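Here the structure is laid out as structure tokens; the discussion comes afterwards.
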Amino acid sequence: MEAAAASATLNHPIRLYPSPISRQIDFPARRSQPLAHNSGKGLKLYRNESVCSTSSVICAVNGGQGGYVSAWDEKPYEFLPNGKRAYLDEQDVVTFLDPPKELIPLDSASYNPAAYLWKKIDDIPQERRRRLLRLLEPRLISRAWEIAGTRYEEPKLMNRSSSQLLSNEDGVSLEYYNCRTSGGPMPISWINFFKTAIFSCKDGNIYGRFIGETILNGLANSFSPLYFVVSQLKEVMATEQPCDLAYEFGDGLFDLHEYPEGFPRPVKHPYPFNDQVVVYVRHLGPGVSVGQAWQEGKALQQVPQKLCGDILMVKDYSTLREDQ
């Protein structure tokens, strides 16, 4: 009888006891809806029903011997029913921008949304941040613009920059960004997906250009390279909302004495880029920013209008064309 009781005890599932230090570990055998928890330091999103530990837990399940499960053994992804991988850090960003209705809304006065979003982007490895371009649909890019605006409420966050070049770090003189927006009017319908190059010159100014990614756009890039100058601005002219930077296109005839190898010389912008187009930029996280493009117009009576949907810009870490 005693042996049978011992055997029954060993074969019965044993509860998992977390360590006192909190860290999320997901166990796929137990599923439930995501829960929201206010830790006092910010928003904590829990997938499924998780056991928390920063270091390890000792567990035995279904008669197995006690095992040491290290936080370093955690996978950075989970498999979806269709077999595809869903990376958890990227999904955290999406969930924060588009929380399920089941999540309890938190008082924004208890934490700064921009600081939390910055931290979640920083958690994503550099080589995976490009996934945000696919995961964030246009309405979430607009939501990211709104959340980035709360950064200006915290003096400690004001000096943060998404760009090493703009921060003058490590001697970076050229950066490429992959960009996504919701498209624009017919002359620039190609603007759904494009690249932006930012580079510094010896004259002390920082310039950039829009680069189309299709073959036809590649031909147009040679004739209309769409250069702009980067300026430090504090607000969007049309809305008086705060921002960090402005990409001012002007007429395109910049007096550039030097530019990256392979770049064409500046020429006059085609319409609508020659009609006082300005892209206002907010830093969102390391290597990630969000912008609004406005066609402000040369005529004094012209009412400024948005050129396209809000723009998500993610640094391209795969290129080795940075001069460092």
Side-chain angles (χ1 to χ4, degrees), residues 138-139 141-149 151-152 162-163 166 177-199 201 203-214 216-217 219-256 259 263-284 289-313:
R139 67 183 180 86
I141 298 175
S142 298
R143 176 62 179 152
W145 170 270
E146 296 173 3
I147 290 179
R151 201 181 101 249
Y152 307 102
S162 59
S163 167
L166 297 173
Y177 289 81
N178 294 305
C179 306
R180 176 185 181 179
T181 182
S182 56
M186 185 57 67
I188 56 169
S189 57
W190 54 266
I191 207 170
N192 286 295
F193 292 92
F194 62 99
K195 281 183 177 287
T196 296
I198 306 292
F199 58 94
C201 289
D203 63 4
N205 293 323
I206 296 176
Y207 299 91
R209 58 177 293 224
F210 278 7
I211 306 172
E213 293 196 301
T214 67
L216 291 177
N217 291 335
L219 295 174
N221 290 334
S222 301
F223 299 102
S224 302
L226 298 179
Y227 284 101
F228 55 80
V229 62
V230 181
S231 305
Q232 298 281 345
L233 282 185
K234 296 299 183 182
E235 66 178 32
V236 181
M237 187 195 75
T239 63
E240 297 184 348
Q241 293 180 345
C243 66
D244 297 298
L245 305 167
Y247 298 166
E248 299 179 279
F249 283 80
D251 60 6
L253 297 175
F254 296 106
D255 187 21
L256 291 178
Y259 33 81
F263 279 27
R265 64 180 180 82
V267 298
K268 189 173 182 178
H269 290 324
Y271 184 84
F273 288 96
N274 63 351
D275 194 29
Q276 289 298 107
V277 169
V278 181
V279 177
Y280 297 93
V281 178
R282 288 174 172 176
H283 301 305
L284 191 64
S289 54
V290 62
Q292 288 188 345
W294 286 84
Q295 183 179 347
E296 297 177 347
K298 300 177 187 176
L300 294 176
Q301 69 274 17
Q302 185 171 338
V303 177
Q305 60 182 355
K306 292 186 74 172
L307 185 66
C308 60
D310 294 340
I311 306 170
L312 180 66
M313 311 176 195

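None of the values given here were measured: they were computed from a predicted structure. In what follows, residues are counted from 1 in the order of the sequence shown.
Closest of all the heavy-atom pairs between L253 and D251 is N-OD1, 2.9 Å. Shown here for P266 and Y259, the closest heavy-atom pair between the two residues is CD-CE2, 4.0 Å.
Side-chain atoms of L307 and P272, non-hydrogen and from C-beta on, do get closer than 4.5 Å to each other. Using a 4.5 Å cut-off on side-chain heavy atoms (C-beta onward), L284 and S162 make no contact. In this structure the side chain of T239 never reaches within 4.5 angstrom of the side chain of Y280, judged on heavy atoms. Proximity of V279 to F249: side-chain heavy atoms (C-beta onward) are separated by under 4.5 Å at one or more points. C201 is listed as a side-chain neighbour of Y207, based on a closest heavy-atom distance under 4.5 Å. You'll find the side chain of F228 stays beyond 4.5 Å of the side chain of E248, heavy atoms only. In this structure, R265 and P225 have side chains that are not in contact, with every pair of non-hydrogen atoms separated by 4.5 Å or more. Looking at heavy atoms from C-beta onward, P264 lies in side-chain contact with R209 at the 4.5 angstrom threshold.
With rounding to the nearest 0.5 angstrom, the CG atom of D310 is 12.5 Å from the CZ atom of R180. The CD atom of Q276 lies 9.5 Å from the CD atom of Q302; values are rounded to the nearest 0.5 Å. One finds the NZ atom of K195 at 12.0 Å from the OH atom of Y177 (value rounded to the nearest 0.5 Å). The CG atom of D244 sits 11.0 Å away from the OG atom of S163 when rounded to the nearest 0.5 Å. Rounding to the nearest 0.5 Å gives a distance of 12.5 Å between CD of E146 and CD1 of I141.
Considering V290, L312, I311 in turn, V290 is the only one that fulfils the side-chain contact (heavy atoms from CB on, under 4.5 Å) rule with W145.
Using a distance-only test at 3.5 Å, with no hydrogens or angles considered, a donor-acceptor pair links the side chain of D275 to the main chain of K298. Of the possible polar contacts, none joining the R282 side chain to the A144 backbone as a donor-acceptor pair under 3.5 Å is found. Remark: side-chain polar atoms of T181 are paired, donor with acceptor, to backbone N or O of G309 under 3.5 angstrom. Listed for the H269 side chain is a donor-acceptor partner under 3.5 Å among the backbone atoms of Y227.
Within a 6.0 Å sphere centred on NZ of K306, heavy atoms belonging to other residues, nucleotides or ligands number more than 12.
Side-chain atoms of Q295 and Y271 form a donor-acceptor pair, as typed in the model, at a separation below 3.5 Å.
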Could you walk me through whether V278 and Y247 pass the side chain to side chain contact (heavy atoms under 4.5 Å, CB included) test, one step at a time?
-> CA-CA 6 Å; V278 181; Y247 298 166; 6.0 Å; no
Go through the steps for F194 and L226 under the test side chain to side chain contact (heavy atoms under 4.5 Å, CB included), then give the verdict.
-> CA-CA 12 Å; F194 62 99; L226 298 179; over 6 Å; no
Under the side chain to side chain contact (heavy atoms under 4.5 Å, CB included) criterion, do F210 and C179 qualify, and how do the steps go?
-> CA-CA 10 Å; F210 278 7; C179 306; 5.9 Å; no
